[in-house]
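As structure tokens, the structure follows; a few thoughts come after it.
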Number of protein chains: 2
Amino acid sequence: MLTTNLNTASTPSVAHFLNSGTPGQIKIGHSFTTTGEKALESHEHLFVAGDAQSHVYQILEGVISVYELLPDGRRQIATFCYPGDLIGADRIGRFAHNAESLCKVRVRCIPLKAMDRLIATEPGFSQALLNALSTELAETRDQLLSLGRKSAREKVATFLLRISRRNEREGVDETQLHLPMTRSEIADYLGLTIETVSRNFTKLKKAGVISLPSSSQVEVHDLDRLEAFADGGEH
Amino acid sequence: MLTTNLNTASTPSVAHFLNSGTPGQIKIGHSFTTTGEKALESHEHLFVAGDAQSHVYQILEGVISVYELLPDGRRQIATFCYPGDLIGADRIGRFAHNAESLCKVRVRCIPLKAMDRLIATEPGFSQALLNALSTELAETRDQLLSLGRKSAREKVATFLLRISRRNEREGVDETQLHLPMTRSEIADYLGLTIETVSRNFTKLKKAGVISLPSSSQVEVHDLDRLEAFADGGEH
DNA sequence: ATTACAAATTGATACAAATCAAGAAAAGCC
DNA sequence: GGCTTTTCTTGATTTGTATCAATTTGTAAT
């Protein structure tokens, strides 16, 4: 996919604006607005589908899953959100999805009014928000390709690769992957069952591409081969 | 899902801004910018992944598919874009996906500079763009649920329902559906094969939910049952 | 440490959708 | 009109993943 980004590099990020005040404050124009903070235990909901959108949240610590349910309980996780990520920035009145913590989480709560004022008064903030949403849309479309057209092994490889690339962006070792989610959550993200996820971890392990020091820790031995597995280059 | 929209109803749409000038022009601030128009034959590319983004396009006539390919040729169509829709508004430097006409198409070409000036000078335009992108993100996440967790029949029913709802929004009869795309394109949108798509049209027909006056024309006899089929309520 | 409980792995079997293979219908073309 | 080509439908078989079932491993509590 796209490795360099011609646009966002030169544009300040959303975080740039949200972090410009003192802790707990956002600079709006030349004044400051106080923002709340919220702590969640593991597997608590930040919001559920149908809730009126009152705030946008920025993750300070921990990981949150955004998911949708079918009436019979089948679940599809749309995305895992990490520190720095904005959640609920897709403003359409009411939340269309559910957001649940995977572990202990702290979020900054930004009232919608504050967002609106930032958009109206802070030049560049709209642009930053548009960039963030655009990137998220492109990543979601990538995930469509995984779900619609990839085999179970390709899906698992793609998933690990995605985490590795996040590490790279964050300046963390891209071969040591920490998985804050359970096999069940990985399965619901990849459109598989926990058994199939587990079997394909084992396959990648037996192929020598990864090892599993623990069930939540993956070591990648060969990133190139992992990449080959991710889009069907190796059978 | 979400049926009422608390926010966008009160906010002018992107189209409102783009249609405010005379034909071929967009009002920016108090002046006008000329916009080009482009015509495509059936199955021509508007852009391909990797192209530098120079314009944003608004469909005036026809339908365009946005898709992604794997190296071995497997294809996933992310979305079908209809008249009024903006395409390439997810500004991330280079196009991450391909855009191909399904039939004869006319698009308005809006230079990026013009978009930037609208964002900077026209109050409300950023908000309209953010709304459009947010809606598209929510719809793409819905599609994740289809691809990851629904059976072939549920996928086909969901697809027809989506077209029916578009008709409703456009004030067109929601029981008479025109399909501008081939079975192969439907298959690549739903993550299925053409045979499976065809078989499930037949199943819905035999169940009395739809009929097929022609392969590109669907008549829905029972919207409630189609809805039930779409999320697994009927087996 | 010992016990309880939850999460992950591994194995055996079933099934939905893919693949392979013809035909039938529709769309272009001379 | 008839001929060719493409698209769609239907049938037979295979296959990858789900389901069902049993261990194993890991974690927390006492």
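Every value quoted in this text rests on a predicted model; they were computed, and no experiment measured them. Protein chains get the first letters and strands the later ones, always in sequence-line order, with residue 1 at the start of each.
We find that CZ of A:R153 is positioned 10 Å from P of D:dT17, with the value rounded to whole Å. At whole-Å resolution of the value, CZ in A:R74 and P in C:dA16 are 13 Å apart. For A:I194 and D:dA21, the CD1 to P distance is 15 Å, given to the nearest whole Å. For the pair A:R199 CZ and C:dT13 P, the interatomic distance rounds to 13 Å; values are reported in whole Å. In this entry the distance linking CZ of B:R149 with C1' of C:dA16 reads 15 Å, nearest Å. Between the C1' atom of D:dT10 and the CD atom of B:E195 lies a distance of 10 Å, rounded to the nearest Å. One can place CG of A:L204 at 13 Å from P of C:dT10, the figure rounded to the nearest angstrom.
Counting non-hydrogen atoms under 4.0 angstrom, B:S198 reaches a base of the nucleic acid. Among the protein residues, B:S214 comes within range of no part of the nucleic acid, since none of its heavy atoms lies under 4.0 Å from any strand. Base contact: A:T193 has a heavy atom under 4.0 Å from a base atom.
Each end of the helix from C:dA1-D:dT30 to C:dC30-D:dG1 gets its own axis from five base pairs, and the two axes differ in direction by 50°, given to 10 degrees.
B:R94 contributes a side-chain N or O that, together with a main-chain N or O of B:G50, makes up a donor-acceptor pair within less than 3.5 Å. The backbone N or O of A:A138 lies less than 3.5 Å from no partner atom in the side chain of B:D90, so there is not a single donor-acceptor pair.
Neither OP1 nor OP2 of C:dA7 sits under 4.0 Å from any side-chain N or O of A:T182. Note on B:R183: a side-chain N or O is less than 4.0 Å away from OP1 or OP2 of D:dT9. Residue A:T202 places at least one side-chain N or O closer than 4.0 Å to OP1 or OP2 of C:dT10.
Taking the centre and axis of the six-membered ring of A:F201, the NZ or CZ atom of A:R183 falls inside the cone set by 45° and 6.0 Å.
Exactly one residue among A:E139, A:E227, A:E170 makes a salt bridge (Lys or Arg N to Asp or Glu O under 4.0 Å) with A:R165. That residue is A:E227.
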